[in-house]
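In listed order, ligands and their atoms are each counted from 1. Values below: every heavy atom of this structure, side chains too, minus hydrogens, waters and symmetry copies.
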Amino acid sequence: MDNSIVLNGLRFQPYLRREQIDKQVARVASEIRRDFEGKNPVFIVVLTGAYVFAADLLRNVGINENQVEFVRYSSYEGGTSTTGCVKQLMGLRQEIKGRNVVIVEDIVDTGLTAERMIADLMAQEPASLKFATLLYKPESSRTGYTPDYAAFTIPPKFILGYGLDLDGKGRNLPDIYACEEG
Ligand code: 5GP
């Protein structure tokens, strides 16, 4: 049976199934719970791609006295490769000085967005800052940045589904798909 899908003329094959995703999200959640229980963490979710991961992750972490904030950055302007130029589109509405912060991101590719966000947030003097990502592509790194928590380490494929998009499409897909073209 062909379970592939085509979006914008590109063919995507199933890559990670919901059961695998659920298992790894639960693992990352238990690591975060172990490290942040009793520390009143602030989760900073990076829009838009991390919204599905964040919803599952935070329910699995299960720390009720947490706080959730959102930021938005952009580096992709359509298509399947980064522009290399990171822009902040929406910043924090809440002070994080002295707080224990966990950034929740969909994917670390070149690492440029992660480095920019960390620099922006460190300027606000949090007590601690950790980075949790659904997907980590070490072979695409231009910065050498390694996230503190990663659900999956993957090769440099273009990914779709479970919150990740192609030109705004495909975020609704419950599984993760990879582009055939690499
Ligand atoms: P970086 O700055 O690490 O190169 O890229 C970070 C952002 O690029 C991610 O938050 C995500 O929005 C986008 N991105 C990187 N790789 C992929 C991918 O494989 N699929 C999708 N849909 N977006 C990606």
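At least one heavy atom of Gly111 sits less than 4.0 Å from an atom of ligand 1. The shortest heavy-atom distance from Lys157 to ligand 1 is under 4.0 Å.
Remark: the backbone N or O of Gly144 is paired with a side-chain donor or acceptor of Ser141 at under 3.5 angstrom. Without hydrogens or angle criteria, Gln20 side chain to Arg17 main chain gives a donor-acceptor distance under 3.5 Å. Asp2 contributes a side-chain N or O that, together with a main-chain N or O of Ser4, makes up a donor-acceptor pair within less than 3.5 Å.
Heavy-atom contacts from other residues, nucleotides or ligands closer than 6.0 Å to CD of Glu95 number 12 or fewer.
Remark: ligand 1 atoms within the under-4.0 Å shell around heavy atoms of Ile107 are 6 (C), 9 (C), 10 (O), 11 (C), 14 (N), 15 (C), 16 (N), 17 (C), 18 (C), 19 (O), 24 (C). Atoms of ligand 1 found under 4.0 Å from any heavy atom of Glu105 (numbered from 1 in listed order, with element): 10 (O). Counting atoms of ligand 1 from 1 in the listed order, those under 4.0 Å from a heavy atom of Thr110 are 1 (P), 2 (O), 3 (O), 4 (O). Listed by atom number, the atoms of ligand 1 under 4.0 Å from Asp106 heavy atoms are 9 (C), 10 (O), 11 (C), 12 (O).
In this structure, Tyr145 has its ring center closer than 6.0 angstrom to the ring center of Phe131.
For ligand 1, the polar-atom distance check against Ile159 finds a nitrogen or oxygen pair separated by under 3.5 Å.
Residue contacts with ligand 1 for Leu160 are absent, since no atom lies close enough (heavy atoms, distance under 4.0 Å). Residue Lys137 touches ligand 1 through its side chain alone, judged by heavy-atom distances below 4.0 Å.
Checked against salt bridge (Lys or Arg N to Asp or Glu O under 4.0 Å), Glu115 has no partners two or more places apart in sequence or in another chain. Evaluation of the salt bridge (Lys or Arg N to Asp or Glu O under 4.0 Å) rule for Asp120 yields Arg116 as partners, not counting sequence neighbours.
Remark: among candidates Phe158, Tyr177, Tyr145, Tyr136, the nearest residue to atom 21 (C) of ligand 1 is Phe158, based on non-hydrogen atoms.
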